[in-house]
Protein chains: 4
Amino acid sequence: MTSEPRTDTRARIQEVALELFAKQGYEKTSLREISERIGVTKAALYYHFKTKEDIAASVFEDGLKAMEEMLVWARTKPRTREARAEILRRYCAVVRDGIGRSRFIQQTDQQSMPGMERFFAVMYELNALLQPENASTREAMQTGLAIHSLHFGWMKMRALSGGDLTEDEFEETLMGIVLDILP
Amino acid sequence: MTSEPRTDTRARIQEVALELFAKQGYEKTSLREISERIGVTKAALYYHFKTKEDIAASVFEDGLKAMEEMLVWARTKPRTREARAEILRRYCAVVRDGIGRSRFIQQTDQQSMPGMERFFAVMYELNALLQPENASTREAMQTGLAIHSLHFGWMKMRALSGGDLTEDEFEETLMGIVLDILP
Amino acid sequence: MTSEPRTDTRARIQEVALELFAKQGYEKTSLREISERIGVTKAALYYHFKTKEDIAASVFEDGLKAMEEMLVWARTKPRTREARAEILRRYCAVVRDGIGRSRFIQQTDQQSMPGMERFFAVMYELNALLQPENASTREAMQTGLAIHSLHFGWMKMRALSGGDLTEDEFEETLMGIVLDILP
Amino acid sequence: MTSEPRTDTRARIQEVALELFAKQGYEKTSLREISERIGVTKAALYYHFKTKEDIAASVFEDGLKAMEEMLVWARTKPRTREARAEILRRYCAVVRDGIGRSRFIQQTDQQSMPGMERFFAVMYELNALLQPENASTREAMQTGLAIHSLHFGWMKMRALSGGDLTEDEFEETLMGIVLDILP
DNA sequence: AATGAATGAGACTTCATTCAT
DNA sequence: AATGAATGAAGTCTCATTCAT
């Protein structure tokens, strides 16, 4: 006999929170909504997490860690065009993976979501690592747009262009375009 | 002449609302904040606008009208590469102009901001008009990314890349990149 | 015709808050209780005061001001026994007056009530002014006990010893005792 | 011998509760705070005590018993000035002892702390026993103030007048003053 | 053209308490 | 002897909105 598989409320909270934050935004999602969806009281959320911000932070944690790990690796690479393309490819995989779990940063650009500072720090360094050495203004902008296009592609386009492409095909097409943007 | 020097509270409301919505988002901006900033009571806002949504809608109105007018013109154009590039150039001007007033759709992607449906409709048609005839999936995606890069460029990059470029230079550089993305 | 005597909710809030804070303490008194007693919603309290602490502070304000004014006068007095006795007599009147409005610092010794710092500052200086010059430890203690006995007398004993004395008689008796304690 | 070295959580709870109740008051002290300080869960408190009130009551128990025992003895005494002074002296010792464990009734005057009724009953009878027979109103008040000064002296002054006196010296000085108040 | 006063709904959070294990 | 998970009630506070003046 094995012990009943505990319904692991904590994980359910993260799951549901993720879904609702993505769909309606952090502000618009109330703890009442989350708890009702799970079938516990609001107070139960506070048993598992200290604050609402804490829930949000925990939801981002995995994705952020994956990004930060990737950065560690990326820092060792030279700034050749080839190496930079490789970094971008790997970053694409990280994003895709994060997306797989759920569209996790639909609201990337919003200051209101807690725990975003770390995300911005990652973005900042990634941007630096993807630029050629002594990048011109134009090249710097191209790099920024490449990264953002990658995000936008996964977050928004994947949903819209819907069924006609498999995820692998979508990735390939997106990377094709994005690598053309990267200087 | 008779009319007292209009203090035009109505315009001030729009102005301040615009600024705060852009900085902190629609949800996070309270009517109290807006009214305090202007130096009137919350109730005064209700003399000029029916609801908070109404304020938001009115703030977008000008920008949206400009976009819709541009669309009317764009519809008459053929789908040649040259014509499409011209449309994009003109759209760029519209965005820039909207930006000039204030970064007005920083949170483009958010459903929570009221009056967004009309904006999405514009985006949808613009996207269609900018694609070559019988566009491939890749070409469709390129078009979407070109438009979004235009937005992102003005909304976010302009602020960051800061002082080294005049607005005209920035526009030129951005359009150079974006036209390379457009199929 | 005169305008209807506005029921002045603000004053009622202070009145009721004072009563409840005194009876049950600051912590135990909820805004719900106050507002229900007055017949308004909790939100109405927030129209008149920024926070619960604010209500408490405003309730103390008058009494504190009276004390501080008295201090200003007391500072000009010499430290003769006679002058000190006069200060104590005047302080007695201030306390009595404060009591008259309501027993306003029943919980003097509690840190939890906001706005108490100012009260403690007053106590501290009063204590200094009431001591003879170069007071011995014993004299310092006597001064402290005299002040505290004054408080305790008005706050607690007046209620208990109830009806047999008029307020004037009570004051006379209390002052008689307290002046015997003062060195 | 069999019993494991008792970690005596029960005693630690009382100890910590005492400290926190004294420092912040009963209301402001939460069971979470107590349990965290000890390093057990809140639920553990409920193994040892039925309710929060129960904890408070148990904390007062020793001091109250000491007082009640003293009362038993005091009842047998005549009402001569000498005997009454002796009672007061002994009561002083009891208070000092209670203080030694911790400042246990800093908030004496608060109704919110459970188990206070018994304490008030003791005070009431003590007050009666310390009055001369057929006491005048003034004498009754003097008695009350003497008792309260004793409390206040130990609870508040001891802390403030700090280091210059040993506990024995402090007691002597305080009793000197208080016996002058007692009629 | 605007204010002063108020409301009702709902937000986040904390608390004492319970109970199966 | 104690924990992990949860609850229900209550708390403070904020918000968009209304309405008589």
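None of these values were measured; they are calculated from a predicted model. Residue numbers start from 1 in every chain, and the chains themselves are labelled A, B, ... in the order their sequence lines are given, proteins ahead of strands. Only heavy atoms go into these numbers, but all of them, side chains included; no hydrogens, no water, no symmetry mates.
- The CZ atom of C:Phe60 lies 8.0 Å from the CZ atom of C:Phe21; values are rounded to the nearest 0.5 Å.
- Using a 4.0 Å cut-off, some side-chain N or O of C:His48 falls inside it from OP1 or OP2 of E:dA6.
- Comparing atom distances between the B:Tyr46 side chain and each of F:dA16, F:dA1, F:dT14 picks out F:dA16 as nearest.
- Taking atom CD on C:Gln24 and atom P on F:dA10, their separation rounds to 14 Å, with Å as the unit.
- Within 4.0 Å (heavy atoms only), D:Ser35 reaches no atom of the nucleic acid at all.
- Side-chain proximity of C:Leu31 to E:dA6, F:dT17, F:dT12: nearest is F:dT12.
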### Task
List the steps and the verdict of side chain to side chain contact (heavy atoms under 4.5 Å, CB included) for B:Arg118 and B:Glu68.
CA-CA 9 Å; B:Arg118 246 169 97 203; B:Glu68 281 161 352; 3.1 Å; yes
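- For C:Ile34 and F:dC13, the CD1 to P distance is 11 Å, given to the nearest whole Å.
- A:Glu36 has its CD atom 12 Å from the P atom of E:dC12, to the nearest Å.
- Side-chain nitrogen and oxygen atoms of C:Tyr47 include at least one within less than 4.0 Å of the OP1 or OP2 phosphate oxygen of E:dA5.
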### Bracket notation of DNA chain F in which parentheses pair within the strand, [ ] cross earlier pairs, and | pairs with another strand (Watson-Crick or G-U, under 3.5 Å)
.||||||||||||||||||||
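- One finds the CD atom of C:Glu27 at 6.0 Å from the NZ atom of C:Lys52 (value rounded to the nearest 0.5 Å).
- Contact between the side-chain N/O atoms of C:Thr9 and the OP1/OP2 oxygens of E:dA6 is found at a separation under 4.0 Å.
- We find that CZ of A:Phe49 is positioned 15 Å from C1' of F:dA6, with the value rounded to whole Å.
- Here E:dA11 presents its P atom at 16 Å from NZ of B:Lys28, a figure rounded to the nearest Å.
- The side chain of B:Thr41 lies closest to E:dG4, out of E:dT17, F:dA16, E:dG4.
- Between D:Leu45 and B:Glu33, the residue whose closest nucleotide on DNA chain F is further toward the 5' end is D:Leu45.
- Between D:Arg32 and the phosphate of E:dA16, there is no side-chain N or O to OP1/OP2 separation shorter than 4.0 Å.
- A straight line from CG of D:Leu20 to P of E:dC15 spans 12 Å, rounded to a whole angstrom.
- There is no side-chain donor-acceptor pair under 3.5 Å between B:Gln14 and B:Glu61.
- When rounded to the nearest whole Å, the span between CD of C:Glu27 and P of F:dG11 equals 12 Å.
- Between C:Tyr46 and C:Thr51 the shortest heavy-atom distance is CE2-CA, 4.1 Å.
- For the pair B:Ala43 and A:Lys50, nearest-nucleotide mapping onto DNA chain E gives the more 5' position to B:Ala43.
- Shortest non-hydrogen contact noted between B:Leu64 and B:Val122 is CD2-CG2, 4.4 Å.
- The side chain of A:Ser30 has E:dC12 as its nearest neighbour among F:dC13, E:dC12, F:dT3.
- Annotation: cation-pi geometry not satisfied between B:Lys28 and A:Tyr26 (NZ/CZ under 6.0 angstrom from ring centroid, within 45° of ring axis).
- For C:Lys52 and F:dT14, the NZ to P distance is 15 Å, given to the nearest whole Å.
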#### Entry: Residues C:Lys42, C:Glu36; criterion salt bridge (charged side-chain N to carboxylate O under 4.0 Å, His left out); working and verdict
CA-CA 8 Å; C:Lys42 269 181 294 170; C:Glu36 264 172 16; over 6 Å; no
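- Nucleotides of DNA chain E nearest to B:Val40 and A:Glu53 differ in position, and the one nearer the 5' end is that of B:Val40.
- Ranking E:dT13, F:dA6, F:dT18 by closeness to the A:Lys42 side chain, first place goes to E:dT13.
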